[in-house]
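Order of appearance sets the numbers: ligands from 1, and atoms from 1 within every ligand. Each residue takes its place number in the sequence, starting with 1.
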Amino acid sequence: MIYLDNSATTQMDDEVLTAMLPWLREDYGNASSIYALGRRARVAIEQARADIAACINAHPAEIFFTSGGTEANNTVLKSCVDESDLADTIAVGATEHHAILHPLEILAHKYPTAIIPVDEQGLIKKEIVHTYNAPRTLISIMHANNETGIIQPIQELRSLCPEALLHTDAVQSFGKIPFDVQQLGVDFASFSAHKIHGPKGIGALFIRKGIDFKAHQQGGGQERNRRAGTEATALIVGFALAAKKAYTEMEQRAKHTYSMISLLREELRNIEGLRCNTPEDNTLPTIINFSLEHADTIDGEAILQSLDIAGIAASNGSACVSGSMQSSHVLLAMGRSKAEAKAAVRFSVSRHTTKEEIQTAAAALKDILISLRG
Ligand code: PLP
């Protein structure tokens, strides 16, 4: 199989798995227990917290572990308006992940909410963002888009909205491009381990020091009363090691993945009717998205199925929407037609992707398009 769906998830790093195993076997203590077995887990968790904080230039006390990006996103939106009472209005980008858009739909029954439009490249419309600059407003704009890879100018958006609370979903960008909470000026940020060769089921929420944030999930007093539930020591240790490796190797990984994406872009450049939805600049080095113009007669799902038969794993966007073949809300927000937004393919690469794999995938896609067009 040629795996080109690394934005859905990545293969876990062997070293990460090895580092996790002792915490599942002999060192199985509960980090809240006072005896040695528990204290060892506590020390490992606090070391992991410090390691992750160092990656993003945060203080360890600003990092809270969650079960992943979805929980971090839900927590920040829901707690800001409900438990913490920090905001009473929420505005989010039109191309956010469903882990932002779906909780927003629920909150819209109780609070004023707004969707901020994007331009044809997928960049947030700055002239609209700044109209939401007000205290007690939470603005959530993702750092990099999971379907197209476009990077939003978070630092600039912060300066346009100094009064509002600002959250960014950094699930796709974390570990792939620099992310500095001080420089970007965000109040909250969401992260996940499984997009960077870490384990599934673990992530983190950055909460800026000084914000009176209250737990959305109540129970025990874990995570300094901000997220109840026994800490998953092995997953946390794995997350921290995956993050440390991603940061140490960031430049060389990005150089490699960018060259793979550039090769694919070149291979598919002159195919009639194939439009690239990922601009050449200002995007993640790991994602490229194509769609078929005038796609009315071609079923987008058929492209992915044919790629699968050819042994190539790709997707049409976020894993959460594939399977139920809807038009991509991201491409629709960018002004693409319904048919074009349905006939999309996203390729996402990792440090393991090879030149031969890219060439095979490009050739397969060309053949598939010829046969589907009859
Ligand atoms: N946010 C973005 C931008 C994502 O791409 C994803 C996963 O695809 C998530 C959030 C959800 O993260 P998790 O799978 O850790 O819950």
Examine E71 against ligand 1 and note whether any of their N/O atoms are separated by less than 3.5 Å.
-> no
Is the shortest side-chain N to carboxylate O distance from E231 to R49 below 4.0 Å?
->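 No, E231 and R49 are not salt-bridged.
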Decide, yes or no, whether a salt bridge links E71 with R227 under the criterion of side-chain N to carboxylate O below 4.0 Å.
-> yes
Using non-hydrogen atoms of the residue, decide whether K195 is closer than 4.0 angstrom to ligand 1.
->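 Yes, that is the case, since the closest heavy atom of the residue is under 4.0 Å from the ligand.
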May I ask you to list the atoms of ligand 1 that are less than 4.0 angstrom from any heavy atom of [X]?
X: G68; answer: 15 (O)
X: T70; answer: 11 (C), 12 (O), 13 (P), 16 (O)
X: N146; answer: 3 (C), 5 (O)
X: S192; answer: 13 (P), 15 (O)

Who gets closest to atom 13 (P) of ligand 1 by heavy atom: A99, A144, G69?
-> G69
If you compare E96, H97, M142, E147 by their heavy atoms, the one closest to atom 6 (C) of ligand 1 turns out to be H97
Given side chain to side chain contact (heavy atoms under 4.5 Å, CB included), test I63 with I56 step by step and report yes or no.
-> CA-CA 10 Å; I63 302 296; I56 60 166; 3.8 Å; yes
Got a list of side-chain donor-acceptor pairs under 3.5 Å for residues 260-269, not counting sequence neighbours?
residue, atom, partner, partner atom, Å
S262, OG, Y258, O, 2.8
R265, NH1, T278, O, 2.9
R265, NH2, T278, O, 3.1
R265, NH2, P279, O, 3.1
E266, OE1, R269, NE, 3.4
E266, OE2, R269, NE, 3.0
E266, OE2, R269, NH2, 2.7
R269, NH1, E280, OE2, 3.4
R269, NH2, E280, OE2, 3.4

Restricting to pairs with a member in residues 217-250, which pass ring pair (Phe, Tyr, Trp, His ring centres under 6.0 Å), not counting sequence neighbours?
-> F174-Y247
Side-chain donor-acceptor pair present, T10, H194, cut-off under 3.5 Å | no
Does NZ in K126 sit with more than 12 non-hydrogen atoms of other residues, nucleotides or ligands closer than 6.0 Å?
-> no
Specify side chain, backbone, both or neither for H194, according to which of its non-hydrogen atoms lie closer than 4.0 Å to ligand 1.
->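 It is the side chain that gets close, since no backbone atom is under 4.0 Å.
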